[in-house]
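Okay, structure first, notes after.
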Amino acid sequence: MTTSAMAGSQGEHEEDETKGRTNMDETTAVEDARDGATTPSQVVTGFVAAFGTREAARLAPYLHEDIEFQAYGDAPVHGRDAVLAIWAGVFASMAAVEFRTLNRATNGDLVIEEQVHGLGLPGRPVAPIRNMAVYRVQHGRIIEWRDYTNPEYARTLM
């Protein structure tokens, strides 16, 4: 289900928010988490924008202390510190990290996004890697996060 297929004013709001997010100021989004962004949609919007800073610490306000993160094909990672350590390593190894949301569907505490992860190794062009992300938000923080990407195809792009 895409955002445009959702009924009611919430769905319309989500669609408008998704369109504006690709140009969202990253600093504002990061500050939103500190200023009480609590709806699942607000939390995920800020979280995705925080990747543009390439600072793992900027992801922390969005993540529940007991988060479980799993990238397709990899073992689950448990705990905010472990997830932040993974992304610190990614940010250190990549010359570019640009996440963009194409479509979003929200149902209660669940947010599903179709995304493009623009990842660029040093000296290489940014590779547009398609991704589906599933987030579950609890008490204003992401407690479950799963990423579904075709890793073999992603390697061919990088």
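In this structure, the side chain of R155 does not engage the main chain of N150 through any donor-acceptor pair within 3.5 Å. Listed for the R54 side chain is a donor-acceptor partner under 3.5 Å among the backbone atoms of F91. No donor-acceptor distance shorter than 3.5 angstrom exists from the side chain of R136 to the backbone of D109, with no hydrogens or angles considered.
Rounding to the nearest 0.5 Å places OG1 of T149 at 7.0 Å from CD1 of I129. To the nearest 0.5 Å, atom CG of residue D81 and atom CD1 of residue I86 are 11.5 Å apart. We find the CD1-NE2 distance between I143 and H139 to be 8.0 Å, quoted to the nearest 0.5 Å. In this structure, CG in D147 is found 10.0 Å from CD in E113, a value given to the nearest 0.5 Å.
Relative orientation of the F47 and F51 rings is perpendicular, given thresholds of 30° and 60° on the angle between their planes.
Counting side-chain heavy-atom gaps under 4.5 Å among Ile, Leu, Val, Met, Phe, Trp and Tyr, the cluster of Y72 also holds L110, I112, M132, V134, Y148. Grouped with V126 in a hydrophobic cluster is no other residue, since no side-chain heavy-atom contact under 4.5 Å to another Ile, Leu, Val, Met, Phe, Trp or Tyr is found.
When all heavy atoms of G140 and V43 are compared, the pair lying nearest together is O-CG2, 3.3 Å. When all heavy atoms of L84 and A56 are compared, the closest pair comes out as CD2-O, 3.2 Å. Between V77 and A82, the shortest heavy-atom contact is CG1-CB, 3.5 Å. The minimum heavy-atom distance linking A57 with P61 is given by the pair O-CD, 3.5 Å. Heavy-atom minimum distance, A50 versus L59: CB-CD2, 3.8 Å. The shortest heavy-atom contact between G108 and P40 is O-CG, 3.3 Å.
Contact annotation: the side chain of V137 approaches that of V44 to within less than 4.5 Å [non-hydrogen atoms, C-beta and beyond]. Looking at heavy atoms from C-beta onward, R130 lies in side-chain contact with V116 at the 4.5 angstrom threshold. Between Y62 and W145, the closest side-chain pair of non-hydrogen atoms is not below 4.5 Å. Side-chain contact between Q115 and V48 is present, with at least one heavy-atom pair separated by less than 4.5 Å. Annotation: side chain of H64 is not in contact with side chain of R80 (no heavy-atom distance under 4.5 Å).
Residues satisfying the ring-ring contact (aromatic ring centres under 6.0 Å, His included) test with H117, not counting sequence neighbours, are F99.
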Candidate pair E65 and R141, rule salt bridge (Lys or Arg N to Asp or Glu O under 4.0 Å), full reasoning: CA-CA 9 Å; E65 161 181 336; R141 294 184 187 245; over 6 Å; no
Candidate pair E144 and I67, rule side-chain contact (heavy atoms from CB on, under 4.5 Å), full reasoning: CA-CA 5 Å; E144 295 176 16; I67 186 172; over 6 Å; no
Q42 and T45: CA distance, side-chain angles, deciding distance, side chain to side chain donor-acceptor pair (under 3.5 Å) verdict: CA-CA 5 Å; Q42 290 171 325; T45 295; over 6 Å; no
